Amino acid sequence: AQKITQTQPGMFVQEKEAVTLDCTYDTSDPSYGLFWYKQPSSGEMIFLIYQGSYDQQNATEGRYSLNFQKARKSANLVISASQLGDSAMYFCAMRPMDSNYQLIWGAGTKLIIKP
Amino acid sequence: GAVVSQHPSRVICKSGTSVKIECRSLDFQATTMFWYRQFPKKSLMLMATSNEGSKATYEQGVEKDKFLINHASLTLSTLTVTSAHPEDSSFYICSAPTSSGNEQYFGPGTRLTVT
């Protein structure tokens with residue numbers, strides 16, 4: 001079965017520190033995509049970063065990077081130099097092959113940045 | 001990045017009435033859009049896939065006669081909650097993938113309260 005697992009329901013991190021949010025996935029598809037989204041208290045889902053299964057390099061977008069370890073089936077999100085505005089729910093998602101763009105979602109991690 | 005709008009952002013209606021929620025892709029065409037429901041502190045639950053020019057595909061357990069979906073054009077999908085009841089109160093959010101599928105953008109969500 002295809003599945004996304006986020007094992008950290010909540011995390012507290014000191015401002016300016018780096019933070020790693022864990023995500024593991026389960027699929028037998030040879031091709032898939034991995035996404036991370038941020039959901040602040042306002043409710044909007046903000047697209048952060050995408051990693052394709054065949055991408056050779058880890059995706060990066062500003063302070064966000066995705067630590068893609070294909071053999072371990074993990075796609076952890078790394079946020080460098082955390083800011084108070086990073087406090088939010090973070091969701092990892094996977095787009096399986098031939099899914100018509102449907103995403104499979106993890107349960108989310110609530111990140112709180114402490115001043 | 002691409003923008004998806006959703007209207008209204010909040011709606012309060014009386015039990016038994018119907019509510020229409022609009023989802024628009026503002027600067028790209030979306031032949032597919034997704035409708036989700038999100039309960040407090042939970043992940044997204046896919047309700048249905050909206051397909052331009054054809055019938056929506058509903059997830060198991062979602063009543064198609066209660067949650068009517070119409071994908072009228074390449075930029076507009078609507079979700080109508082018919083004969084709403086208090087248990088339909090929730091946060092509804094739509095998303096639209098870009099043609100590559102490597103990005104999927106979300107509307108800001110609609111908070112529905114049925115009294």
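Below, read A as the first sequence line, B as the second, and so on, with proteins coming before strands; counting in each chain starts at 1. Computed from a prediction, not measured in an experiment: that's the story for all the values here.
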Donor-acceptor pairs under 3.5 Å, chain A to chain B, main chain and side chains both?
from, atom 1, to, atom 2, distance (Å)
A/Y37, OH, B/Q104, O, 2.4
A/Q39, OE1, B/Q38, NE2, 2.9
A/Q39, NE2, B/Q38, OE1, 2.8
A/Y50, OH, B/N102, OD1, 3.0
A/R95, NH1, B/G101, O, 2.3
A/Y101, O, B/Q104, NE2, 3.0
A/Y101, OH, B/S99, O, 2.9
A/Q102, NE2, B/T49, OG1, 3.3
A/W105, NE1, B/Y36, OH, 3.3
A/G106, O, B/S43, OG, 2.7

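Residues B/M33 and B/F91 are members of separate hydrophobic clusters, defined by side-chain heavy-atom contacts under 4.5 angstrom among Ile, Leu, Val, Met, Phe, Trp and Tyr. Following chains of ILVMFWY side-chain contacts shorter than 4.5 Å, one can reach B/V62 starting from B/V81, so the two form part of one hydrophobic cluster. Under a hydrophobic-cluster definition in which Ile, Leu, Val, Met, Phe, Trp and Tyr are linked whenever side-chain heavy atoms come within less than 4.5 Å, directly or via other members, A/I113 and A/M11 are assigned to the same cluster. Linking ILVMFWY side-chain heavy atoms closer than 4.5 Å, directly or via other members, places A/L48 and B/F106 in two distinct hydrophobic clusters. Note on B/L76 and B/I69: separate hydrophobic clusters, where clusters join Ile, Leu, Val, Met, Phe, Trp and Tyr whose side-chain heavy atoms are under 4.5 Å apart, directly or indirectly.
Other residues, nucleotides and ligands contribute at most 12 non-hydrogen atoms within 6.0 Å of the CZ atom of A/R72. Around CD1 of B/I12, the count of heavy atoms belonging to other residues, nucleotides or ligands within 6.0 Å does not exceed 12.
For A/M89, no part lies under 4.5 angstrom from a heavy atom of chain B.
For the atom pair CZ of B/F34 and CG of A/L103, the computed distance is 6.5 Å after rounding to the nearest 0.5 Å.
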